[in-house]
> 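Sharing a structure here in structure tokens format.
Every chain is numbered from 1, with letters handed out A, B, ... down the list of sequences. Just so it is clear, the model here is predicted, and its values are computed rather than measured. Hydrogens, waters and symmetry mates play no part in the numbers below; they use all other heavy atoms, side chains included.
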There are 2 protein chains.
Amino acid sequence: MKPKISDVAKRAGVSPTTVSRVLNNRGYISEETKTRVHQAMKDINYFPNDVARSLFNKRTNVIGLIFPTVANPFFGELTFYIENICTKLGYKVLLCNSLNRVDEEEKYVEMLMRNQVDGIIVGTHNRGIINYHKEHLAVVAIDRNLSETIPVVSSDNYEGGKLATELLLKKGCHHIVHLNGPAELETPAKFRRKAYEDVMRQSGKEPITYEIPATFDRRSQQGIIEQLFDEQVNVDGIFASDDVIAASVLREAKRRGRDVPSDLKVVGYDGTEVTQTLLPELTTIKQPVEQIAQQSVELLLQAIEGKFGELPLETKLPVQLLEGSTT
Amino acid sequence: MKPKISDVAKRAGVSPTTVSRVLNNRGYISEETKTRVHQAMKDINYFPNDVARSLFNKRTNVIGLIFPTVANPFFGELTFYIENICTKLGYKVLLCNSLNRVDEEEKYVEMLMRNQVDGIIVGTHNRGIINYHKEHLAVVAIDRNLSETIPVVSSDNYEGGKLATELLLKKGCHHIVHLNGPAELETPAKFRRKAYEDVMRQSGKEPITYEIPATFDRRSQQGIIEQLFDEQVNVDGIFASDDVIAASVLREAKRRGRDVPSDLKVVGYDGTEVTQTLLPELTTIKQPVEQIAQQSVELLLQAIEGKFGELPLETKLPVQLLEGSTT
DNA sequence: CTGAAAGCGCTTACAG
DNA sequence: CTGAAAGCGCTTACAG
């Protein structure tokens, strides 16, 4: 059996109350008792049971993370930073990969509620579920508009879309196509699309957007990309919704004998460390991943402390154009 | 206030005991009571508190994951699969990214213990800590020998190292260098090195291994790679310890005007989806990531159920050579 | 078929 | 400075 507080108490010859006080450094305790208790804890290799503590305190110091998949470099890196920051601040991270499937997300949210997490950071697209439980839940969204009252942290998507599109124009592209997630998702990524469309129209060009399903399913992504090449035979510039998609575009281009960048120019989005290492040639818009993590956690902790009204509903962080050799 | 079982009981006009029974589907309850209780739960939007349940049951259904960093595609993908499998089986995942730092791992293990996780899957190198707590802990290691009694799941590292080295030889390389983690870590990856050395010696060549620090620190990785190129001026084949390192090698080769594959051939290790998409040219040894996840979770659950003696201490899963254009 | 009581391991007023 | 009691929200013998 694992030792408990009463075992420590017995061995130190004090009451459980006193052991608890030593543990929490609360109230006055004589140095001598303190030492005896500490020694007893060591002797029997005692560790406090945080489950019991949480039950009493109504505070678990656990936060839930719901992302499509940490297998994607952007979410992997984001999760890494968030977890690190949380650990430093005494919070633990319960991880959920929903692949953007609505039914999964529903189950995850319920699971997190049952486990009494103090808050949730969400990077998936589902609006309804969170709202439903809102009263009891501190929530921050990353790059998703979940509701009118949930703070959103994101990169400056409009600026990113603008930088990407302007670069392609500057480099002489005439027939530029954009790949983006489904329009109905209402994510701030729609501002990437908006920027693309604005810039295109300003220079008298017709914007064309192909929509990639949100399910992170390679096959359907590949399908859309092939469709794009099939239908847009004159395409000479592609602004992809993320770097992995951009990589698939490069691959398909190669397969079709299109030379990059002379024949076709490609810009991605995200610019994670891994992408930068594996595919440094890719021109991309770099999101400030660590800053996004930092801001999200900070806002969430404030929400947990009950400072709802004072939280900024929108936090836009600066992007950076990284020019490689695909443009 | 969140509703609790007694609130449900009051509204349904029964005792808390009965509500608990309905919740757990235990014992005989009249259909009518069941319906009334369910209705009451709906009415007041009741969710069971799993913290209280865990306290009573001495079972949290949480498992801890300790990996260097989910920002690395291999661990990101592995974590994705593990989390998905766990969720299907009713387990939740508490995530820890230690970057292989021993002091962090120590803190993480203690944190997981305090949180009464049912088991831990470890993919970091530290031996001591886990042993210390062993009595109370179900543990499975991925690609790490943590102790003589902890089951290890890994890809067939020897076979992988053999395939990689033999391919480089077959392609006509004379001066092949291997990059691997620190030898003192005692990970099964040392069999990659062993295979490399065996194959080299069998063909009358001198094996040369450069050691990459385990800290996932780009700068020091880059330092070693530059050192390799500086010192091994005739190098015409490199077998890297993972795909990200291999990508850095390719980059450095380019910087130095070495043409791949005519001038220098490169083989990586891991072959994750992301690598395959971002850098399909890379020849690599593909680990069966999903199988590794599946096996690890299965073994851990068996360990949790107390079946220690019967567990295989070594599970080696088959690798696959993926030939790209870097060899 | 249903309920009152005790207890999971901890903490915090309250009393001394 | 220290301890006995009550309670966090749940579950499970035990009794009826």
> Would you write the dot-bracket representation of DNA chain C, where each base gets (, ), [, ], | or . depending on whether it forms a Watson-Crick or G-U pair under 3.5 Å and with which partner?
|||.||||||||.|||
> Respond yes when some side-chain nitrogen or oxygen of A:R26 is under 4.0 Å from OP1 or OP2 of C:dT12, and no when none is.
yes
> Quick one: label A:L55 by what it contacts on the DNA or RNA (base, sugar-phosphate, nothing), any heavy atom closer than 4.0 Å.
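Since a base atom lies under 4.0 Å of A:L55, the category is base.
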> Below 4.0 angstrom from OP1 or OP2 of C:dC8, is there any side-chain N or O of A:N49?
no
> Roughly how many Å is it from CG in B:N115 to P in C:dC8, rounded to a whole number?
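Rounded to whole Å, this separation is 20 Å.
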> Just to confirm, is there a sub-4.0 Å distance from OP1 or OP2 of C:dC8 to any side-chain nitrogen or oxygen of B:N57?
no
> Do B:E298 and B:Q294 have a side chain donor and acceptor closer than 3.5 Å?
yes
> Does C:dG9 have its OP1 or OP2 closer than 4.0 Å to a side-chain nitrogen or oxygen of A:K2?
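No, A:K2 has no side-chain N/O under 4.0 Å of OP1/OP2 on C:dG9.
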> Are OP1 or OP2 of D:dG3 and a side-chain N or O of A:T17 less than 4.0 angstrom apart?
no
> Taking CE from B:M41 and P from D:dG9, how many angstroms apart are they, rounded to a whole number?
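Roughly 17 Å, once rounded to whole Å.
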> Looking at A:K107 and A:E104, is there a salt bridge between them, counting it only when a charged N and a carboxylate O are closer than 4.0 Å?
yes
> Ignoring backbone atoms, establish whether B:S30 has a side-chain N or O less than 4.0 Å from OP1 or OP2 of C:dT2.
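Answer yes for this pair, as a side-chain N or O of B:S30 is under 4.0 Å from OP1 or OP2.
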> What integer distance in Å separates A:Q116:CD from D:dC10:P?
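Whole-Å distance recorded here is 8 Å.
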> What is the distance from CZ of A:R36 to P of D:dG3, rounded to the nearest Å?
9 Å
> Return no unless some side-chain N or O of B:T33 is found under 4.0 Å from OP1 or OP2 of C:dC1.
no
> Can you tell me the distance, in whole Å, between the CZ atom of A:F47 and the C1' atom of C:dG9?
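It works out to 16 Å between those atoms.
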> Rounded to whole angstrom units, what separation is found between the CZ atom of B:F56 and the C1' atom of D:dC8?
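To the nearest whole Å, that distance equals 15 Å.
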> Does A:K4 come within less than 4.0 Å of A:D7, counting only side-chain N to carboxylate O?
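Here A:K4 does not pair with A:D7 in a salt bridge, since their nearest N and O are not under 4.0 Å apart.
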> Roughly how many Å is it from CZ in B:R21 to P in D:dC14, rounded to a whole number?
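Spelled out: CZ on B:R21 to P on D:dC14 is 14 Å.
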> Do any side-chain nitrogens or oxygens of B:T18 fall under 4.0 Å of OP1 or OP2 in C:dG3?
yes
> What distance do B:S15 atom OG and B:K10 atom NZ have between them, rounded to the nearest 0.5 Å?
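Going from OG on B:S15 over to NZ on B:K10, the span is 13.0 Å.
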> Using only side-chain N and O atoms of A:K58, determine if any of them is under 4.0 Å from OP1 or OP2 of D:dG9.
yes
> Report yes if a side-chain nitrogen or oxygen of A:S15 is closer than 4.0 Å to either non-bridging phosphate oxygen (OP1 or OP2) of D:dG3; otherwise report no.
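Yes.
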> Considering just the side-chain nitrogens and oxygens of B:R53, establish if one lies under 4.0 Å of OP1 or OP2 belonging to D:dG9.
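No, because none of the side-chain N or O atoms of B:R53 sits under 4.0 Å from OP1 or OP2 of D:dG9.
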> Take B:Q295 and B:T315 through the side chain to side chain donor-acceptor pair (under 3.5 Å) test and state the conclusion after the steps.
CA-CA 8 Å; B:Q295 283 295 318; B:T315 307; 4.5 Å; no
> With no hydrogens and no angle check, do the side chains of B:E83 and B:T79 hold a donor and an acceptor under 3.5 Å apart?
no
> Check whether any side-chain nitrogen or oxygen of A:Y46 sits under 4.0 Å from OP1 or OP2 of C:dC10, and answer yes or no.
yes
> Mapping B:D50 and A:I29 to their closest nucleotides on DNA chain D, which lands nearer the 5' end?
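Counting from the 5' end, the first nearest nucleotide belongs to A:I29.
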> What's the CG-C1' distance between B:N25 and C:dC1, to the nearest Å?
15 Å
> Using a 4.0 Å heavy-atom cut-off across all strands, classify A:V51 as base, sugar-phosphate, or nothing.
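The residue A:V51 makes no contact with any strand.
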> Is the side chain of A:N72 donor-acceptor paired with the backbone N or O of A:F74 at a distance under 3.5 Å, no angle test?
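Answer holds: yes.
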> Quick one: closest heavy-atom pair of B:V117 and B:T60, and the distance?
CA-OG1, 3.7 Å
